[in-house]
Each structure stands twice: as structure tokens, then as C-alpha cells.
Amino acid sequence: MPHDTPLISTIVGGIVLAFIFGAFAHRLRMPPLVGYLIAGVLVGPHTPGYVADQSLAPELAEIGVILLMFGVGLHFSLKDLLSVRGIAVPGAIVQIAFATLLGWGLGAFMGWSTGGSLVFGLALSVASTVVLLKALQERRLVETERGRIAVGWLIVEDLAMVLALVLIPAAASIGGEGHAPVEPLSAALSSLFGLDLGIGGMIAMTLVKVALFVALMLVFGRKLIPWTMHRIAHTGSRELFRLGVLAIALGVAFGAAKLFGVSLALGAFFAGMVLAESELSHRAAQESLPLRDAFAVLFFVSVGMLFDPNILIDKPLPILATIFIIVIGKSVAAFLIVLAFKKPLNTALTISASLGQIGEFSFILAALGVELGLLPEEGRDLILGGAIISIILNPLLFFLCDRMRPLLDGAKREDVVADPAPAADAIATQEEMPREDDEVHPTALSGHAILVGYGRVGSIVGQNLKSSATPFLVIEDSDKRIGELKAQGIETLSGNAVMRETLDLANLSGARSIAIAIPNAFEACRIIEQARSVNPSILIVARAHSDAEVDELKQYGADTVIMGEREIALGMVDRLAQVHHESVPYEDGHGPDTIMPTDDPPPERE
């Protein structure tokens, strides 16, 4: 019997088109985010053809916002922020103020209200978390000093925007701008006691409720949420664990909005931040990643549905001015701020290129501004157009910065040569100049072993290689493990071994062997394929969880594949044989009765 299925058609249409255009964007070496936005434009009402449901898409996008902010909270590191607080906090605040001022000026010039112009400026001031982190990861800069500054800068921007999401509705409900609902607690006090709290009282009431929510989360949430997740983890059910992570993200966000009047985004952010303090935070991030990615795609698709491409033709000068503020204004401001803190030129160029785009928070602020009646729809279209074009231009911005660096370095050297100061003073000046000593350089090893992954399996392999004085290096992408390896004096490359650039830095062509200790068979196959093509004679050892994975890894070129379950079973058989058949006493190097785990728990089978 035929029936209408708007929810299914909206989800299917959005995800299928997002996949197609995301893959096409990736093929063109652009962020897939660009493809998601274009997919949204195609299913939106402003282009011919299929049009997705205009009422369901925003609700699906709201779930995407919740999960995006939950992910931001899970990766919020107070330690990393404090390590670069001297530049990240003042630098981000000054850059936000400068970009907001430029955006406010453009909005005022176009005749918008003060509130709308400020929302427009704020939306142009904050960079995309997704785009920035991906750009740093592709260039292996996350673990460098400039990478830490960029991430800390981004965290400050995110926190500033979270605060803006709280204050904008309160400010919009007074002063005659917009049509935001009146803050209920202030309205109750006004009706009971006849008090006119004004803008200060409205904002104060909002901040009181936010403070109460934050206090409850820090006092009770930081104990209850990790305790709950630990109890669920002890059940051994991965399905329940995933469901628990999702329930906490959505439940806390919805409860915060209904009980305390704060935004869904803020509630989700604090839920993630509280859970980040738990030992299970890494697992929670991994388990929730597929769902977060799926709804994040729907969020970007729904944003693209709102964009009217005609503005590129009807308003070319405003769109160019918007792009100028995002790509040039923000980047130049960040560049000068970093140099003012006497940081290296590389750091200034990297941060300026990283911040030359806008993304998730900009979309959230634009939607909020239109919903409250502050920002005209034209402003939202300018923000969306500026975001799409700036994200497309961001790789070009990094390329230009890489090209400018030698020229600027040469100019600095000429200044030093032309300086008539004594040689001793020149040497002292050079020693005092900050150096970029955290660059990722190719290894000098040859005839060595490459170890991919340093988890429970990789760490045992690595320690044995170290004790046998075998030259080796580790490829790892976990920040915590990289720090531990460097502390042990083990050469480490930060990055994903699937990337050809990372393998080239490890001198794959000159290596004698590569041990792939990661549990992901799909990535392992990609690594094996590249390793065999670059170095046909290299010994490749991999791990598997099933016979099917063993066959697949060998088909791609692995010489030896160790299946964890089989090795565990053989170890148990040997140990039982000692008792039942009086064999030679078992020795494993860790005590007479302990066998160290040689594999992560196998994936659950249906």
C-alpha cells in the first residue's frame, strides 16, 4: 500500500547525495564538508528537482548540533588550553573582537539592526572545528607547538560562541529587536513584584540559570555520568555502551534546554566535557563517532538547504566583502597577533591559514539570529556563501602560506645581515629568537622496523624490539601514547599510516620490516598495499580477528598474519598441558601464572 515517507526520503536523499558530492570533493582534494553543503543546496527549495522536507530537516540538524557539540566537549582538554593560555586566550579574544567589528561594520553599512550586525560579525569570527583539525592532521601539525596553539585558540573561540548562544536570546528579548521569548524567570519576578529588570537583569537571570546548570554538572554530573558509563561498560555489551553514550548526549542536552532554558548545544557540550574526565572517554568518542558523523552530515546538508545560490549573482559585492573578512581580515589579524607574542613565523602562518574559514558555530549562530528575528535571511545567505567559499579556499590559503614562508624568511635574514650590530650581539639575537623545533622530519633510519600502532599489542612488540636493540620507529596518532613514547626516547611519527606521506617519512623504501599492530583490518589492508608497492621485499606482519581477515590481509600482501584468538587458544592449550601431561614449566617472562594479553578484545559478533 503506497504511503508517504518524508522522514525516510529526507534522510536517504541527504545521505546519498552527501556521499556522492563528498567523495567528489575529496577527489578534488577539498574537505568533504564542501560536498555535504552542495548536496544540501541541491535538495533545497532554491534549486530545481527533488526538495527535501523543510520541517524535518531542521530537527535532524538539531540532533547533529547536539552530537557535534558533544564531540567538542569530549575533546575539550583543559591541560592543553592551559599550556598555551598565554597566547591562545588573549589572541582568540582580540581576533574575535576584530572580526566581529568588521562584520558589524558591513552589517551596519547594509542597513541591518545593531543586534543583527553583531550576530553577523560573531558568525564570521569563529573557525570550523572540523576543517581546522582536519587540516592540521593532514599536515601532521597537531602535536607541534603551532598545532597546540591553533587548537587552544579554537577552544577559546568555541567557549566564546557557547557563551554567545546563551546571551543572544536574552539580549534579543529586550530593546525592541527581534522576537525572542521573554526569559520566564524574569517575567515571573516582573509580574509578582512589578520589577523591570532591564537588559542587565535579563542577562543576569540567564547567567544564574546557566551557573546552576554548570554547578549541577560539575558537582553531580561529573560523578554520576562516569559512574553510569562504568556500570554499563562492566555489562560487556557494546550495544548498551553505545546506547548509553547517545542517551547521555541527547538526554542531558534536552533536559538542560527544558529545565534550565539553556541551549541544546551548551547542554551537550557540558555532557561531553564531564564524560571526558572518565577513563572511558576515548572509548565513548570511538563508539559514538559513526553516529556523530552521520548526523553531522545531515546537519551540513540542512544548512546547505537554507542557502540561496542566487545571492552570488544578486549580491556579488556583499559576498566578496564577507569572504574578504573571513579569509583576509581574520587571517591577517591572527598573523599579526601571533607575531606580537614573538612566536616563530611558521606558527603565525599556520594559525592564520587555519583560521581563514568558518563553519559549524557560524551556521548555528546564523540560524539562531534568523529565528530570533535579529539577522535578515540575506545575512544568513552571506554567512553560508562565505563559509562554503572559504572552506574551498582554505587549502589554497595553506599553499600560499607555504610559498610565502621562504620569502619572509629571506627578508628576515637580509634584515639581520644589514644590521651593523657587533657579531656577538647578532649571535645573541639569533639565540633568543624562538625556533620551530617541533617540525616533523623524515627519519634517518635505514634497514629498520616500522611499528604501526602502540596499543596493548604494539607496546609488547615495541618493548621487545627495544630490548633486542633493533632499530625501529613507531607510527601513532594517539596524543597520550606519543607523549609516552617520546619520554622513553623512542622515535615516533605522529599521523595515520594509511597516508602515503606518513609512510614516506618513515623511509618505507629503506625499511626491512613493518609490523601493523592496529586492530582495524580495513586500514591495515591499505597500509599493506602501499608498503608492498613501495618496497616489494619488505617483511609485513599484521594481526587479525578472524579467518576471513587473515585471508584478506594475505591477499593484499602480508607475509605473516597473527590471529589473536588462535594464539590465545594455543597459549591456553600449552598451559593446560603443563598440568594434565606434566610438561615443562611454563615461562612467559611475567610470572609463573600470568599470560600477558596479546590482543584487544575481539569485536562482538551478531
Side-chain angles (χ1 to χ4, degrees), residues 65 68-69 72 88-110 112-132 153-175 177-178 180 199 202-203 206-207 210 262-266 269 303 306 318-319 321-331 333-334 337 355-388 390-391:
V65 171
L68 272 174
M69 291 306 302
V72 172
V89 174
I93 292 174
V94 173
Q95 180 253 304
I96 289 174
F98 180 74
T100 301
L101 182 63
L102 291 179
W104 173 83
L106 178 58
F109 178 78
M110 298 182 66
W112 300 344
S113 66
T114 301
S117 299
L118 287 176
V119 171
F120 182 72
L122 283 171
L124 301 186
S125 69
V126 59
S128 166
T129 303
V130 176
V131 176
L132 186 145
W153 198 300
L154 182 68
I155 290 174
V156 176
E157 285 190 348
D158 287 350
L159 290 177
M161 294 306 111
V162 167
L163 181 61
L165 291 176
V166 173
L167 297 180
I168 288 174
S173 61
I174 56 176
E177 290 191 20
I199 184 170
M202 298 281 287
I203 294 177
T206 301
L207 291 179
V210 173
V262 301
S263 67
L264 293 168
L266 181 63
F269 173 79
V303 169
L306 300 174
I319 197 71
T322 302
I323 295 170
F324 178 85
I325 294 173
I326 298 170
V327 178
I328 306 298
K330 284 175 57 181
S331 298
I337 291 169
L355 300 175
Q357 38 76 23
I358 59 175
E360 308 87 62
F361 264 118
S362 305
F363 305 150
I364 298 172
L365 285 170
L368 180 64
V370 173
E371 179 185 351
L372 298 177
L374 292 174
L375 185 67
E377 293 188 3
E378 178 188 3
R380 179 189 62 194
D381 290 337
L382 289 176
I383 291 171
L384 297 178
I388 294 173
S390 66
I391 291 171

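- Ser390 and Val327 make their closest contact through CB-CG2, 4.0 Å (heavy atoms, listed as atom of the first residue, atom of the second, distance).
- For the atom pair CG (Leu368) and CG (Leu374), the distance works out to 7.5 Å, reported to the nearest 0.5 Å.
- Counting heavy atoms from C-beta on, the side chains of Trp153 and Val156 never come closer than 4.5 Å.
- For the atom pair Ile325 CD1 and Leu101 CG, the distance stands at 9.5 Å (nearest 0.5 Å).
- Using a 4.5 Å cut-off on side-chain heavy atoms (C-beta onward), Leu124 and Ile358 make contact.
- Of all heavy-atom pairs between Gly356 and Ser331, the closest is CA-OG, 3.5 Å.
- Within the model, atoms CD1 of Ile364 and CE of Met161 stand 11.0 Å from one another, a figure rounded to the nearest 0.5 Å.
- The distance from atom OG1 of Thr100 to atom CD of Gln95, rounded to the nearest 0.5 Å, is 8.5 Å.
- Between Leu106 and Leu102, the closest side-chain pair of non-hydrogen atoms is not below 4.5 Å.
- For Ser125 (side chain) and Ala99 (main-chain N/O), no donor-acceptor pair under 3.5 Å exists by modelled atom type.
- Annotation: ring-ring contact (aromatic ring centres under 6.0 Å, His included) contacts of Trp112 (sequence neighbours excluded): Phe120.
- Using a distance-only test at 3.5 Å, with no hydrogens or angles considered, a donor-acceptor pair links the side chain of Lys330 to the main chain of Gln357.
- The side chain to side chain contact (heavy atoms under 4.5 Å, CB included) search around Ile328 returns Phe324, Val332, not counting sequence neighbours.
- Taking OG1 from Thr322 and CG from Leu384, the interatomic distance works out to 11.0 Å, rounded to the nearest 0.5 Å.
- Considering every non-hydrogen atom in both Ile383 and Ala123, the closest pair reads CD1-CB, 3.5 Å.
- Phe98 and Gly329 get closest at one heavy-atom pair: CE2-O, 3.7 Å.
- In this structure, Val119 and Leu372 have side chains that are not in contact, with every pair of non-hydrogen atoms separated by 4.5 Å or more.
- Proximity of Leu122 to Ile168: side-chain heavy atoms (C-beta onward) are separated by under 4.5 Å at one or more points.
- Residues Glu157 and Phe361 fail the side-chain proximity criterion, which asks for heavy atoms closer than 4.5 Å.
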